[in-house]
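Worksheet: one structure, shown below.
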Amino acid sequence: MALFGLLPPQASSIAPDVDALLLAWTGACAVVAFGIFGLMIGFAVHFRRGVERDRAPGRGLHHPDLHHAIEWAWILTPLAIFIAMFVWAADLYAKLYEPPGDALRVSIVAKQWMWKAQHPTGRREIDTLHVPLGRPVELVMTSEDAIHSFFVPAFRIKHDVLPGRYTTLWFTATQEGTFHLFCAEYCGTDHARMGGSIVVMPPARFSAWLAEGDPVGMAARGAERFRQYGCSGCHDDRSTVHAPSLRGLFGKPVALADGRSAIADETYLRDAIVLPGKDVVAGYEAIMPSYEGRLAEDEILDLIAYIHSLPAEP
Ligand code: CUA
């Protein structure tokens with residue numbers, strides 16, 4: 001049910017849940033609004049000027065006992081309703097931002113005024129995103145300039161895309177077809193034209209599509225950058241420089257020099273590359289130079305994919 005055609009189709013696993021919450025909220029607001037305005041109009045007509053009514057205090061609704069009962073009712077009933085709504089919405093929110101572990105990861109780089117996507121196989125696309133039907137997809141998103149926002153109404157998902165950090169979003173498409181993608185954050189002159197489409201394909205056709213043109217995988221491209229930018233000079237197995245090993249690092253906790261610890265996720269690795277002084281690993285000198293401004297966002301994503309691909313043992 002897409003609400004009598006008023007809403008876009010429900011094309012993701014989360015869409016019916018989001019619509020149910022929206023409908024419940026709209027219903028609750030409608031009941032309150034009609035209740036208040038109905039009483040207001042009713043009383044205004046009933047007690048209008050020139051009509052003989054009993055207007056003395058201490059009667060009817062003003063009776064002291066009834067008075068308290070009514071006050072408790074209008075305090076506790078909305079409180080119970082709002083707490084129930086909060087629990088419901090918080091549960092859905094947690095679901096929206098907790099991707100399942102087996103999700104297919106796709107990198108998204110936003111830029112005035114286009115969406116660039118790169119799949120782990122290295123296949124790239126602009127303003128279009130191909131995804132498989134019925135499989136969770138996690139987007140790791142960043143921006144090269146302003147703040148953008150990735151919005152797919154048919155999937156009921158939206159998240160800001162920020163420069164200098166990664167944000168994630170996930171969905172499982174439940175309908176084949178092509179769906180609108182919008183930028184939902186004003187980002188400059190052509191903001192209104194910054195959009196595209198999400199193409200949902202059956203898994204077999206998607207796999208074939210992914211391999212088309214025999215692209216170089218992100219990890220392989222990252223390995224090339226790793227040498228090209230001199231990372232291997234210190235971080236390679238054979239290097240004699242005292243630098244942290246990157247093997248089996250991805251997703252693991254890292255002890256830092258100032259006693260804190262961090263999880264080696266995309267954001268941590270990105271910061272380690274562009275802001276090496278921020279989280280110095282325990283037992284090492286802060287000698288790594290910053291690569292800020294020297295690497296494009298998709299090159300950083302390639303490097304992270306390469307680090308992700310490194311097995312714990314050589
Ligand atoms: Cu990008 Cu608005």
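When a ligand or atom number is given, it counts from 1 through the structure's own listing order. Any value given below was found using the heavy atoms of this structure, including those in side chains, with hydrogens, waters and symmetry copies removed.
Among heteroatoms of the N, O or S kind in His148, ND1 lies nearest atom 1 (Cu) of ligand 1. Distances from atom 2 (Cu) of ligand 1 to each N, O or S atom of Glu185 single out O as the nearest.
Salt bridge status for Arg247 with Asp237: present, with a side-chain N to carboxylate O gap under 4.0 Å.
One finds an angle of 120° at atom 2 (Cu) of ligand 1 between ND1 on His191 and SG on Cys187, to the nearest 10 degrees.
Around atom CD of Glu212, more than 12 heavy atoms belonging to other residues, nucleotides or ligands sit under 6.0 Å away. In Phe82, the CZ atom is not crowded: 12 or fewer heavy atoms of neighbouring residues, nucleotides or ligands sit closer than 6.0 Å.
Residue contacts to atom 1 (Cu) of ligand 1: Tyr186 brings no N, O or S atom closer than 2.8 Å.
Side chains of Phe226 and Leu303 form a contact here, defined as non-hydrogen atoms less than 4.5 Å apart.
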